[in-house]
Enquirer: 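First the structure, which I've put down as structure tokens, then a few questions once you've had a look.
The basis for the numbers below is simple: all heavy atoms, side chains too, and nothing from hydrogens, waters or symmetry mates. Every chain is numbered from 1 and lettered A, B, ... according to where its sequence line falls, protein lines coming before strand lines. As the structure is a prediction and not an experimental result, all values here were calculated from the model.
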2 protein chains.
Amino acid sequence: MLSRGLPQGAVPKLERPGPLRERVYEALLELITTRALRPGQHLVESELAGHLGVSRQPVREALQRLNTEGWVDLRPAQGAFVHEPTEEEADQLLTVRTLLEAEAARLAAAHGGPSGVEALEELCVKGERAVLADDVDGAVAANAEFHAKVMELAGNAVLAELAAQVDRRVRWYYTPVARQRGKQSWIEHRELIAAISAQDERRATDVMRAHTEHTRRTYHERERG
Amino acid sequence: MLSRGLPQGAVPKLERPGPLRERVYEALLELITTRALRPGQHLVESELAGHLGVSRQPVREALQRLNTEGWVDLRPAQGAFVHEPTEEEADQLLTVRTLLEAEAARLAAAHGGPSGVEALEELCVKGERAVLADDVDGAVAANAEFHAKVMELAGNAVLAELAAQVDRRVRWYYTPVARQRGKQSWIEHRELIAAISAQDERRATDVMRAHTEHTRRTYHERERG
DNA sequence: CGATTGGTTATTGTCTACAGTTTACCCATA
DNA sequence: TATGGGTAAACTGTAGACAATAACCAATCG
């Protein structure tokens, strides 16, 4: 046995490149979310392949996945187009997001132990510090971490998977908006922690619902920037 | 113009083959859901390709999609394996299903008009007839139609998409169970229609939640067949 | 002058071939 | 007999080539 001498976490996990399609997928997702590839734009496989220095095959596979996840529309015999978000769809996504996050909050209140609450508090502190320091990117990142942690405490992998997808797309739609409401958001997070800590499922659900609904209203009022 | 002489609906819409990957995808999904391909089984691309009379490429693309939707696990450099459902995962899926269906019921109660209620009643009659005639397959189909209709009335495409995926996987897990509870199910459907008709969001939610939770309990008690 | 038809080009859909990895088996050896 | 290495087979990952299809544009006919 070689158990001895291999301190559990210290294994370097030697960086394997992994399947190309994965990296292409992430690259394209990055390009889409950063608006480098604009909505409605026609994505030509050979161009992307050449630009990324790979063959068409991995690009195709990445596009297929992006299609099933709603990032691109794959018209048969015509190619891939970056999905064009409509007002209606954004609203529907926000509705679903509210639903999933609220349920996650409920489950977190039900099954989340003291250690989970502690982790949430740490993340909350981190986010509040970022807000005070005017570190917008840091605050956004902390926010994502916070929600991810709540989802983790919920202990429902299926729910987490769906929420992750919906969240990313929501973020795509209203990225510019997200930066506005920084401080208020963390106050609400505090309330959520309190509810989870008290194992008050009902209150956790309501707080989270109010929280995400709040961002939804912010979205709809963004016109008059 | 040749509009004249081409009676609008009479055009046979000649069957376009469509992308091969689509047909391969559907074929594989059929094979999986019917248990022809057993959970845990190693799917060899070349075998499937030969068996379906196509090359490996469409098979690969179909497998990728099945992977993102949770039907197969795609281990790098090793291939595709039919996903093995665990007890825990089935439970999580049922939880999420309850959540999504309940929300759909609420939205249906909110936005669904009288015409929608009428359509639901028709489907309900259809299902009840099937039950009385001991037409199990017919009852199951009508049940699916009923839920799909509720989802349609909800008018949220994103929600519908997620629910469709979750529903199919749920059905995969507890297909044998579903056949049992026929009659009771349609009584509950009647209650749901009443709630939607009254535009009582709260009651519609509760009824649907009770309904799906009921099937969940049936699932967990299936051992002692 | 407009509509339609035919050709042209660019892009996707599919197939075949090759390289890289993993797995399993077999044999040699302590 | 158990262990270790080494080899071989099978499969996946990637690349490149070919065929098919759809959009685009010009030329022709009414």
Enquirer: Could you tell me how far apart A:Leu63 (CG) and C:dT11 (P) are, to the nearest whole angstrom?
Expert: 14 Å

Enquirer: For B:Glu22 and C:dT12, what is the distance between atoms CD and C1' respectively, to the nearest whole Å?
Expert: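 Roughly 15 Å, once rounded to whole Å.
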
Enquirer: Round to the nearest Å and state the distance from A:His42 atom NE2 to C:dT11 atom P.
Expert: 8 Å

Enquirer: Heavy atoms, side chains only, cut-off 4.5 Å: are B:Leu63 and B:Glu45 in contact?
Expert: yes

Enquirer: Indicate yes or no: does B:Glu26 engage B:Arg23 in a salt bridge with an N to O separation below 4.0 Å.
Expert: no

Enquirer: D:dT21, OP1 or OP2 - any side-chain N/O from A:Gln78 closer than 4.0 Å?
Expert: no

Enquirer: For the pair made of CD in B:Glu61 and P in C:dC15, what is the distance, rounded to whole Å?
Expert: 10 Å

Enquirer: Within the structure, does a side-chain N or O atom of A:Arg60 lie under 4.0 Å from either OP1 or OP2 of C:dT12?
Expert: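 No, outside the criterion.
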
Enquirer: Send over the distance from B:Tyr25 OH to C:dT14 P, rounded to a whole Å.
Expert: 17 Å

Enquirer: Taking the basic N atoms (NZ, or NE/NH1/NH2) and the acidic carboxylate oxygens, is any pair closer than 4.0 Å for B:Glu69 and B:Arg169?
Expert: no

Enquirer: Quickly work out the A:Arg56 CZ to C:dT11 P distance and round it to whole Å.
Expert: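 It works out to 11 Å between those atoms.
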
Enquirer: I want to verify a distance call: between C:dC15, C:dG13, D:dT12, whose nearest atom is closest to the B:Ser55 side chain?
Expert: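 Looking only at side-chain atoms, B:Ser55 lies closest to C:dC15.
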
Enquirer: Measure CD/A:Gln57 against C1'/C:dT14 and give the value in whole Å, please.
Expert: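 These atoms are roughly 10 Å apart.
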
Enquirer: I'd like to know if A:Arg129 and A:Asp135 make a salt bridge, using a cut-off of under 4.0 Å between side-chain N and carboxylate O.
Expert: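 No, no charged N to carboxylate O under 4.0 Å.
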
Enquirer: Which nucleotide sits closest to the side chain of A:Val44: C:dT11, C:dC15, D:dA15?
Expert: C:dT11

Enquirer: Using a cut-off of strictly less than 4.0 Å, decide whether A:Arg21 has a side-chain nitrogen or oxygen near OP1 or OP2 of D:dG13.
Expert: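 Looking at the OP1 and OP2 atoms of D:dG13, one of them is under 4.0 Å from a side-chain N or O of A:Arg21.
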
Enquirer: So which nucleotide from C:dT14, D:dC11, D:dA22 ends up closest to the side chain of A:Ala77?
Expert: D:dA22

Enquirer: Measure CG/B:Leu20 against C1'/D:dA19 and give the value in whole Å, please.
Expert: 13 Å

